[in-house]
Amino acid sequence: MNAILQPDLLSSTSLSTGAPAGQWRVAEVEALYELPLMDLIYRAQQVHRAHFNANEIQRSTLISVKTGGCSEDCGYCSQSARNKTELEREKLMPVADVVAAAQAAKDKGASRFCMGAAWRGPKDKDLEPVLEMIREVKALGLQTCVTLGMLKDGQAEKLADAGLDYYNHNLDTAAEFYPKVISTHTQQDRFDTIGEVRKAGMKVCSGGIIGMGESRRNRAALIVQLANMTPAPESVPINNLVAIPGTPMATSGGVDNFEFVRTIAAARITMPTSFVRLSAGRDAMSDEMQTLCFLAGANSMFYGDRLLTTGNPDVDRDEALFAKLGLRPI
Ligand code: SAM
Ligand code: DTB
Ligand code: SF4
């Protein structure tokens with residue numbers, strides 16, 4: 001075994017606790033990626049089991065409350081007005097429809113309801129109905145999450161006052177690769193919004209997309225950026241690119257399944273107490289591939305037949321997988 005990978009020689013990392021926040025270096029995470037897969041999964045399992053019940057999976061249901069027509073040019077996204085996709089635009093959904101969907105998600109066994117809007121950021125007038133959605137979804141006894149793009153001064157406080165638990169804002173890809181994917185905002189803009197969310201006292205959901213033609217070093221650098229936030233995001237969605245025809249990333253080639261599993265393991269080891277979510281791309285994964293991701297430390301998923309604009313495994317398939325694996329929802 002490479003000496004740098006001996007647990008006691010991995011600077012400031014302990015198997016049971018992981019590194020203190022702000023301590024990971026890209027070379028260390030690259031070294032995790034280079035471990036034999038069995039050793040990597042073993043380490044991920046050790047970290048996972050020190051902090052979580054390994055048979056429990058958190059389930060969040062997603063809904064797109066405002067679809068398409070976004071001003072941003074994110075190269076993977078069906079909802080960018082600049083990408084020539086088949087998607088039909090939809091205005092902000094009525095609050096009552098969103099609340100009915102949340103109740104249905106709760107009845108099917110979701111614990112969190114995530115509402116997404118295709119905005120660069122919300123206008124103040126758009127925020128009011130979203131605040132009402134948050135209040136009413138929370139009143140159903142669900143955890144609440146929204147993803148609305150960049151927040152301006154005072155907006156995070158309004159969301160927190162409405163009772164929002166989590167704000168999703170992904171770093172998406174490493175700083176070095178970011179300009180190859182998005183030009184209408186910077187990764188620093190994303191950090192600024194995450195800072196606003198933290199200042200307002202909410203939990204952060206932030207992760208990224210794998211399979212956009214980035215290098216392994218880029219993937220390791222993204223994990224380091226997430227892990228070194230102080231504190232690390234409570235929820236870390238790892239999305240496998242859904243190749244959407246008409247988007248620049250549609251032809252990027254994706255990523256090998258085992259490299260995706262390694263990324264999950266790297267997230268688990270570097271962010272020991274975070275929920276690592278096996279996110280977009282699950283519909284195209286076999287049950288066995290999903291199981292490898294759970295073994296590598298994923299303990300959260302999107303649950304329900306749709307993500308925002310694309311498909312997700314239907315609830316019956318997920319329930320059957322949970323039964324086969326003896327997994328329990330939380
Ligand atoms: N507009 C807001 C924003 O950008 O934060 C919220 C919605 S945006 C669609 C939420 C996240 O979905 C993105 O940050 C990205 O990580 C993920 N996403 C979008 N399209 C995807 C795709 N084709 N494959 C995988 N993940 C995708
Ligand atoms: C996240 O990281 N993934 C979700 C959620 N946060 C908002 C979105 C996935 C979108 C996949 C493509 C689509 O359905 O449009
Ligand atoms: Fe707009 Fe978000 Fe899609 Fe980017 S990822 S185009 S900001 S909806």
Side-chain angles (χ1 to χ4, degrees), residues 60-90 112-122 126 130 145-151 166-174 178 181-187 189-194 196-197 204-214 222 226 233 235-252 254-255 260 263 267 274-285 298 300-313:
S60 297
T61 294
L62 258 180
I63 190 169
S64 179
V65 298
K66 186 269 168 184
T67 305
C70 183
S71 64
E72 301 307 280
D73 70 350
C74 309
Y76 46 80
C77 188
S78 62
Q79 305 202 69
S80 164
R82 306 177 191 223
N83 294 338
K84 303 270 168 294
T85 63
E86 301 279 290
L87 191 73
E88 290 199 13
R89 297 180 186 192
E90 286 168 41
R112 190 177 309 159
F113 194 65
C114 306
M115 296 160 269
W119 289 320
R120 173 180 165 86
D126 293 326
V130 174
C145 177
V146 297
T147 182
L148 313 172
M150 292 183 270
L151 296 177
Y166 290 81
Y167 194 83
N168 166 255
H169 205 59
N170 291 340
L171 293 187
D172 281 320
T173 195
Y178 206 84
V181 182
I182 298 157
S183 76
T184 47
H185 57 262
T186 62
Q187 203 202 43
D189 292 326
R190 306 292 279 185
F191 275 108
D192 292 348
T193 288
I194 291 168
E196 292 288 312
V197 172
V204 169
C205 172
S206 187
I209 308 177
I210 306 301
M212 300 193 293
E214 76 284 344
L222 169 68
L226 292 165
S235 168
V236 180
I238 305 293
N239 295 280
N240 199 345
L241 176 75
V242 179
I244 295 172
T247 63
M249 291 296 146
T251 52
S252 61
V255 71
F260 187 82
T263 304
S274 303
F275 281 84
V276 175
R277 181 172 307 118
L278 173 55
S279 300
R282 213 158 57 76
D283 204 24
M285 291 177 192
S300 171
M301 58 154 63
F302 286 122
Y303 178 67
D305 307 353
R306 283 195 80 67
L307 295 169
L308 293 175
T309 68
T310 65
N312 197 43

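Treat the numbers as computed from the prediction; the structure is a model and nothing was measured. Atoms within each ligand, like the ligands themselves, are counted from 1 in listed order.
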**Item:** Asn170: numbered ligand 2 atoms lying under 4.0 Å from its heavy atoms
**Value:**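 It comes down to these atoms of ligand 2: 1 (C), 2 (O).
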**Asked** Relative to the heavy atoms of Pro237, which atoms of ligand 2 are at a distance of less than 4.0 Å?
**Response**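 Those qualifying, in numeric order: 2 (O).
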**Prompt:** Would you say Tyr76 touches ligand 2, if touching means a heavy atom closer than 4.0 Å?
**Reply:**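 Contact check Tyr76 vs ligand 2: negative.
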List the residues meeting side-chain hydrogen bond (donor to acceptor under 3.5 Å, both in side chains) with [X], not counting sequence neighbours, and say none if there are none.
{"X": "Asp192", "result": "Gln188"}
{"X": "Ser71", "result": "none"}
{"X": "Glu72", "result": "Arg120, Thr184, His185"}

Can you tell if the side chain of [X] reaches within under 4.5 Å of the side chain of [Y], non-hydrogen atoms only?
{"X": "Ile244", "Y": "Thr310", "value": "yes"}
{"X": "Val204", "Y": "Tyr167", "value": "no"}
{"X": "Asn168", "Y": "Pro237", "value": "yes"}
{"X": "Leu171", "Y": "Ile194", "value": "yes"}
{"X": "Arg112", "Y": "Ser235", "value": "yes"}
{"X": "Gln79", "Y": "Ser64", "value": "yes"}
{"X": "Met212", "Y": "Thr173", "value": "yes"}
{"X": "Met285", "Y": "Phe260", "value": "yes"}

Does an N or O anywhere in [X] fall below 3.5 Å from an N or O of ligand 1?
{"X": "Val242", "answer": "yes"}
{"X": "Asn170", "answer": "yes"}
{"X": "Gln79", "answer": "no"}
{"X": "Asn240", "answer": "no"}

**Prompt:** So is Met249 close enough to ligand 1, meaning a heavy atom under 4.0 angstrom away?
**Reply:**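 For ligand 1, residue contact (heavy atoms, under 4.0 Å) with Met249 is absent.
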**Prompt:** Are Ala117 and ligand 1 in contact, using a heavy-atom cut-off of under 4.0 Å?
**Reply:**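 For ligand 1, residue contact (heavy atoms, under 4.0 Å) with Ala117 is present.
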**Prompt:** Between the side chains of Asn239 and Tyr76, is a donor N or O closer than 3.5 angstrom to an acceptor N or O?
**Reply:**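 Their side chains do not contain a donor-acceptor pair, so the 3.5 Å distance test is not met.
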**Item:** Phe275 CZ to Arg277 CZ distance, which is reported to the nearest 0.5 Å
**Value:**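 Phe275 atom CZ to Arg277 atom CZ measures 9.5 Å (nearest 0.5 Å).
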**Asked** Roughly how far apart are Cys205 SG and Asn170 CG, rounded to 0.5 Å?
**Response**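 It is 6.0 Å, given to the nearest 0.5 Å.
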**Message:** Please report whether atom 2 (Fe) of ligand 3 has a protein non-hydrogen atom at a separation of less than 4.0 Å.
**Reply:**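 Within 4.0 Å of atom 2 (Fe) of ligand 3, no protein heavy atoms are found.
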**Request:** Please indicate, with yes or no, if any protein heavy atom is found under 4.0 Å from atom 23 (N) of ligand 1?
**Result:**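 It does: a protein heavy atom is found less than 4.0 Å away from atom 23 (N) of ligand 1.
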Check each atom of ligand 1 against the heavy atoms of [X] and keep those under 4.0 Å away; list them by number with element.
{"X": "Gly149", "result": "2 (C)"}
{"X": "Ile244", "result": "23 (N)"}
{"X": "Leu308", "result": "9 (C)"}
{"X": "Asp172", "result": "13 (C), 14 (O), 15 (C), 16 (O)"}

**Item:** Arg190 contact mode with ligand 1 (heavy-atom cut-off under 4.0 Å)
**Value:**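 Side chain only.
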Going by the closest heavy atom to [atom], which one wins out of [options]?
{"atom": "atom 7 (C) of ligand 2", "options": "Ile209, Ile63, Val236, Thr147", "value": "Thr147"}
{"atom": "atom 8 (C) of ligand 2", "options": "Thr309, Leu241, Leu308, Asn168", "value": "Leu308"}
{"atom": "atom 17 (C) of ligand 1", "options": "Ile209, Thr193, Val181", "value": "Ile209"}

Shortest protein heavy-atom distance from [atom], along with the residue and atom involved:
{"atom": "atom 5 (C) of ligand 2", "value": "Phe302 CZ, 3.6 Å"}
{"atom": "atom 12 (C) of ligand 2", "value": "Thr310 OG1, 3.6 Å"}
{"atom": "atom 5 (S) of ligand 3", "value": "Tyr76 OH, 3.5 Å"}
{"atom": "atom 3 (N) of ligand 2", "value": "Asn239 OD1, 3.0 Å"}

**Request:** May I have the step-by-step check of side chain to side chain contact (heavy atoms under 4.5 Å, CB included) for Leu226 and Ser206, ending in yes or no?
**Result:** CA-CA 7 Å; Leu226 292 165; Ser206 187; 3.8 Å; yes
**Message:** Distances under 2.8 Å only: what protein N/O/S atoms are near atom 4 (Fe) of ligand 3, ordered by chain and residue?
**Reply:**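 Atoms qualifying: Cys74 SG.
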**Message:** Show the nearest heavy-atom pair for residues Cys74 and Asn83, with the distance to one decimal.
**Reply:**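 That closest heavy-atom pairing would be O-ND2, 3.2 Å.
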